[in-house]
Each structure stands twice: as C-alpha cells, then as structure tokens.
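Structure record follows, encoded as structure tokens.
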Amino acid sequence: MASSKKPLSNKVSATTPKKTKPLSLLDVVEKSFVSLSTSHKKMKSMTVALSGGIDSVVLLHLLHQLQKRQTFTLKASHVHHGLSKNADKWVKFCGKLCTKLSIPLDVNYVKLPQKKSLGIEGEARQLRYEKLLKSQTDLVVLAHHEDDQAETFLLQLIRGAGVKGLSSMAYFDASRRLWRPLLNTSRIDIESYAKKHKLKWIEDESNQNIDFDRNFIRSKVLPILKNRFNHIIKVISRSSSHLAEAQYLLDDLAQIDLKSNLKSVNYKHKLKVKTLDKLSNARAKNVLRYWLEINDQLMPSKDLLDELLRQVLTAKKDTDLKIQLSKDDEIRRYKDEIFIVPKNQQTQKNYEIIWAGESEIILPNGQKLKFKKVKGRGINLKFLDHQKKLKIRNRQGGEFFKPDSKRPTKKIKQLLQESDLPPWERDFLPLFFVGDDLAFVPNFGIDMKFQTKANELGLDVIL
C-alpha cells in the first residue's frame, strides 16, 4: 500500500533576511556619539577642527545637525599657519560658514619655526594640535576618514614605524579628548554628502603638491593599489585596528613592568634604572617607549632607542650621563634614576619676588608655586605682616636651616648634597624668607621658628 505521506524534501526552507538600510552619515555620527557618552562620560561640549576643506565642512554640518537630536554645545577652531597666500581668505570663509550656522569660531594665528625639525607638514600639524588641545571642551572633533587612515599607515610604513606608528589614528583618544567619528567613512561617502547638501568648501592648493609625502601617496600610490585591490582602504583600516589592539597590550605590559619594579607609582619624569635592568631587552625597550610617551616625547629612532638603553644600563652611578633626546630635551642619569631634562639649563640668575597674596606665582625658570591658607600647617601667618613680607629667591650660598628640633642646624648646601635632588635642579630650588630669616625650603620643610601649631593659620606652599 502506498504511503499517504509526502516524501521529505532535501531542500531546507528558510526566510530570506530583509536587507537593512545602510546608516546615513548623520546616523553613524550619532551612534558613535551615544556610544562615547555611554562608555566614558556624558559629552556636553565639543570643538571641531575646521580647516575649510570638504572633510571638516561636512563634519561641521553633521555636528550642527546632530545638535537637533542630542544636547551639547559646539564651537569651531581654525588655525591660520600663514603658509598659503590664500590663508586670509580661508579665515573669512570659515567665519561666514560659522556665522550662517550660528556656531562660535576661534581663529588661532601660529608661526612655524625657522628650523623645521619635523618638516613643514609635521611642524604645522604639531602647532595645530597644540592649539586644539587647549580647547576647554569635552571633545576635540577631527574630520579624519578611512582614506586618511590608509595614507597615514603607508606613511608610517615607509618611515619604518613600529606597532604604535602603524596603528595610525585612534577613533577615540581619551588622554587628549580627540574624537574621529568619520574614521570608518570613505572619502567618496563624504563627497556624496557634501554634494547632496549643496555644501561649499575651499581647496588647499598645497594638496596638489606631490613634493609632500602624503600628497604623493594620495595621488600616485593609492590609486594604483585601489585599481589592483578593490578593498585596499578597508583592509588597511582593519590592519590598523589590529595593531592598535596590540599597542594597548604593550602599554598594559609596560605599566605592569613599571609598577612591579617601582616602590612608587609616581614614575613620570624619572625612571629607576633597575626597572630596565630586570627586564628582557624587548620589554625594557617597551618600557622606555611608554615612559617617553607619558613624558610627551616624540618616539626616537630604533638606533637611538638601542643606544639609549645600552648607555643607561652600562653607565656607572657617578657618570654624568647626557643623551640628546630632541632639540629641546636630553636624558640624564643621577644615582639609580634617569630624568628627562631641558637642554642647556643655565645657572639661575639671582632674583627676589615678594609674595603679595597671590594664589599662584611663576618663577623665572618656569616653575609654578601655589599658595593656600590652611589651619595647622605651613608657614605661620602670624609672622607675616606689613613690615615682614614673604620673600622668594634662589640659593646664593651660606644659608642655614633647622626644620627639626632634634637635629642640628645645617647649611642648605650640605642638605642638598645629602638629598636625592639631582645637581642640575639645586640652583633652581626657591628659598622662602620672612624678613632676612630662612623660613621654608621645598622638599626639606619649615624652619622651627616659623612652623604652625594645630590651632594656628598657616600658608601652605606647593612647588
């Protein structure tokens, strides 16, 4: 008897998934903004870097539209380098655009140094970032996109960069508050947005100059790669992301190595040599790179880094080690520590400053003093009146000091020689006098005569 059941089909039925509509550029930026506000903190204000080119004009327009959906204040910042004969016209263009959108605009005029150790592009970029990072907003927003990322990757590759250099630009740099919401957006999409919204922008004539490496890569190298490999831009972007993750791991390892070899976590500015001596060569160099970065130094070449590590580890404790790090700074060693020190520090010329109640004073060598009236500590304020002022001056020799009743009075010179204060910092140490009497020496304490009791008001001084 034939079965009434229908034979099972070998085909598996499945519903065809609906194609999702690609996000608009505004949706992309909003999604990124919400994610950033959720994962870090609520972003209430931002500054957009506005050059006047198509990328930054599109970004400004997007953020202006985003204000209709999200709550934040927005301003723009334009840097006038004076490199182009049209620079003044660009300022006017940006001004008109911001006026039209009712967005405040800051214009910063900068002058490139005569000696351009970083090249014209590098010096201009550094000055631009310096001005942007002074912005008092939660975010500094940059218009870098996917094609920019590919150009940066290839530039760094040509220069022989390591993991950090090849990781190129970060979507979000928390330490500098930099946000690049268009980093995964193509140049084509940006151009389409500009045309759709009938935006106007300026063209920087220097972008056509292939003497600049970035322009050469953009106009000559990438078109050949795109013609051969259709998805080269996205592939490079993906590789940069992988390398960025690797760099995060290297930074984590450096922090582990620093903390496990230091008694104090306050390792910025100086570094114990034993931290490096206990590590393998690769990990020691990783710590050095990390240490240089947190001290706001440009990464040295491989040869300089190798030589730096060799000299630091082999120099004797009493060696006056000096290694040139950059045009402004050098690395010096004192006892078991290395320091980053400004080059060519001259012996401090004699000075005298009268404290007139300020909360802050800048010394001639750039050091900052902060003053605060507190109870139970500091220089006793009962000794300061209209007749006896607090005087601040540098060490001139022959000063005596007694901060402890159980210890004898000592010369400042002797105290400094017994301390861990490096020799090059001793001439810059400010001394505080009440009348003609030495009352306070930073790092060493307050003279017995001028110490504040628990129920008295004192002046706390922080160097």
Exercise for review: Quick one: do K164 and E293 satisfy salt bridge (Lys or Arg N to Asp or Glu O under 4.0 Å)? Show the steps, please.
Suggested key: CA-CA 11 Å; K164 185 172 184 60; E293 184 183 358; 3.0 Å; yes
**Study point:** Heavy-atom closest contact (Q156 atom, G165 atom, distance)
**Key:** CG-O, 3.2 Å
Point to revise | Partners meeting salt bridge (Lys or Arg N to Asp or Glu O under 4.0 Å) with E151 (sequence neighbours left out) | key: R187, R214, R218
Review point. Sequence neighbours excluded, which residues qualify as ring pair (Phe, Tyr, Trp, His ring centres under 6.0 Å) partners of F93?
Key: none
Check your understanding: Rounded to the nearest 0.5 Å, how far apart are CG of L308 and CD1 of I323?
Key -> 4.5 Å
Review point. More than 12 foreign heavy atoms under 6.0 Å from NZ of K335: is that the case here?
Key: yes
Practice item. Using a 4.5 Å cut-off on heavy atoms from C-beta on, say whether the side chain of F371 contacts that of S359. Key: no
Check your understanding: Any side-chain donor paired with an acceptor under 3.5 Å for E203 and N207?
Key -> no
**Study point:** side chain to side chain contact (heavy atoms under 4.5 Å, CB included) partners of K220, counting only residues at least two apart
**Key:** I210, F216
Study note, to complete from the structure: Across all chains, not counting sequence neighbours, the salt bridge (Lys or Arg N to Asp or Glu O under 4.0 Å) partners of D277 are none
Practice item. Would you please test K302 and L305 for side chain to side chain contact (heavy atoms under 4.5 Å, CB included) and show each step? Key: CA-CA 5 Å; K302 178 183 180 299; L305 193 69; 5.8 Å; no
Exercise for review: Provide the closest heavy-atom pair for L288 versus I338 in the form atom of the first, atom of the second, distance.
Suggested key: CD2-CD1, 4.3 Å
Check your understanding: Are V441 and I412 close enough that some pair of their side-chain heavy atoms sits under 4.5 Å apart?
Key -> yes
Practice item. Give a yes or no on whether a salt bridge exists between E399 and K413, defined as a side-chain N under 4.0 angstrom from a carboxylate O. Key: no
Review point. CG/D257 to OG/S280 distance, rounded to the nearest 0.5 angstrom?
Key: 8.0 Å
Review point. Roughly how far, to the nearest 0.5 Å, is the CD atom of Q65 from the CG atom of L101?
Key: 8.5 Å
Check your understanding: Can you check whether N350 reaches R393 side chain to side chain, under 4.5 Å on heavy atoms?
Key -> no
Exercise for review: Output, in order, the C-alpha distance, side-chain angles, deciding distance and verdict of side-chain hydrogen bond (donor to acceptor under 3.5 Å, both in side chains) for Q451 and D447.
Suggested key: CA-CA 6 Å; Q451 290 179 5; D447 190 272; over 6 Å; no
Exercise for review: Give the minimum heavy-atom separation between G458 and T452, together with the two atoms involved.
Suggested key: CA-OG1, 3.6 Å
Exercise for review: Mind running side chain to side chain contact (heavy atoms under 4.5 Å, CB included) on D329 and V341 for me, showing each step along the way?
Suggested key: CA-CA 6 Å; D329 299 305; V341 182; over 6 Å; no
Check your understanding: Looking only at side chains, do S206 and D204 share a donor and an acceptor under 3.5 Å apart?
Key -> yes
Check your understanding: Does F444 have any ring pair (Phe, Tyr, Trp, His ring centres under 6.0 Å) partners at least two apart in sequence or in another chain, and if so, which?
Key -> none
Point to revise | Residue pair N108, S77: steps toward the side-chain hydrogen bond (donor to acceptor under 3.5 Å, both in side chains) verdict | key: CA-CA 7 Å; N108 300 284; S77 176; 3.2 Å; yes
Point to revise | Side-chain ion pair, R310 and D306, N-O less than 4.0 Å | key: no
Practice item. Evaluate whether atom CD of E205 has more than 12 neighbouring non-hydrogen atoms of other residues, nucleotides or ligands under 6.0 angstrom away. Key: yes
Check your understanding: How would you list, by chain and number, every residue that makes a salt bridge (Lys or Arg N to Asp or Glu O under 4.0 Å) with D27, sequence neighbours excluded?
Key -> R69
Practice item. Verify salt bridge (Lys or Arg N to Asp or Glu O under 4.0 Å) between K226 and D147, making sure each step is shown before the conclusion. Key: CA-CA 11 Å; K226 288 178 182 178; D147 296 64; 3.3 Å; yes
Check your understanding: Around L23, counting heavy atoms of other residues, nucleotides and ligands shown, do more than 12 lie under 6.0 Å from its CG?
Key -> yes
Exercise for review: Show your reasoning for whether salt bridge (Lys or Arg N to Asp or Glu O under 4.0 Å) applies to K75 and D106.
Suggested key: CA-CA 8 Å; K75 71 175 183 177; D106 293 334; 3.1 Å; yes
Study note, to complete from the structure: For residues 48-78, the ring pair (Phe, Tyr, Trp, His ring centres under 6.0 Å) pairs (sequence neighbours left out) are F33-F72, H61-Y193, H61-H197
Point to revise | L74/V141 under side chain to side chain contact (heavy atoms under 4.5 Å, CB included): CA gap, chis, key distance, verdict | key: CA-CA 10 Å; L74 176 65; V141 197; 5.9 Å; no
Review point. Mind checking whether L142 and W179 have side chains closer than 4.5 Å, heavy atoms only?
Key: no
Study note, to complete from the structure: dist L25:CG -> S192:OG (nearest 0.5 Å) comes out at 8.5 Å
Under 3.5 Å, which donor-acceptor pairs do the side chains of residues 45-57 form with other protein atoms, sequence neighbours left out?
residue: S45; atom: OG; partner: D138; partner atom: N; Å: 3.0
residue: T47; atom: OG1; partner: S135; partner atom: OG; Å: 2.5
residue: T47; atom: OG1; partner: T137; partner atom: OG1; Å: 3.0
residue: S51; atom: OG; partner: G53; partner atom: N; Å: 3.1
residue: S51; atom: OG; partner: S56; partner atom: OG; Å: 3.2
residue: D55; atom: OD2; partner: H145; partner atom: NE2; Å: 3.2
residue: S56; atom: OG; partner: S51; partner atom: N; Å: 3.2
residue: S56; atom: OG; partner: G52; partner atom: N; Å: 3.2
residue: S56; atom: OG; partner: G53; partner atom: O; Å: 3.3

Exercise for review: Output all residues satisfying side chain to side chain contact (heavy atoms under 4.5 Å, CB included) with R377, sequence neighbours left out; order by chain, then residue number.
Suggested key: V374, D460
**Study point:** Residue pairs passing the ring pair (Phe, Tyr, Trp, His ring centres under 6.0 Å) test where at least one lies in residues 321-342, sequence neighbours excluded
**Key:** F339-W424
Review point. Do S241 and Y171 have side chains that get closer than 4.5 Å, going by heavy atoms?
Key: no
Check your understanding: Is F172 close to H40 at the side-chain level, that is, under 4.5 Å between some pair of heavy atoms?
Key -> yes
**Study point:** Between CG on residue N184 and CD1 on residue I233, distance to nearest 0.5 Å
**Key:** 12.5 Å
Review point. Between Q208 and N215, does any side-chain donor sit less than 3.5 Å from a side-chain acceptor?
Key: no
Exercise for review: Can you measure from CG (L97) to CD1 (I103) and round to the nearest 0.5 angstrom?
Suggested key: 7.0 Å
Review point. Taking the side chain as C-beta and beyond, is there a heavy-atom pair between H144 and L182 under 4.5 Å?
Key: no
**Study point:** Contacts of type side chain to side chain contact (heavy atoms under 4.5 Å, CB included), residue P442, not counting sequence neighbours
**Key:** L429, P430, F432, F440, L463
Point to revise | Non-neighbouring partners of K131 that pass salt bridge (Lys or Arg N to Asp or Glu O under 4.0 Å), sequence neighbours left out | key: none
Review point. Do the side chains of Y109 and V79 get nearer than 4.5 Å, heavy atoms only?
Key: no
**Study point:** Check: S37 side chain, V34 main-chain N or O, donor-acceptor pair, under 3.5 Å
**Key:** no
Practice item. Start with the C-alpha distance between M299 and L292, add both sets of side-chain angles, then the distance that settles side chain to side chain contact (heavy atoms under 4.5 Å, CB included), and finish with yes or no. Key: CA-CA 7 Å; M299 253 346 91; L292 291 171; 4.2 Å; yes
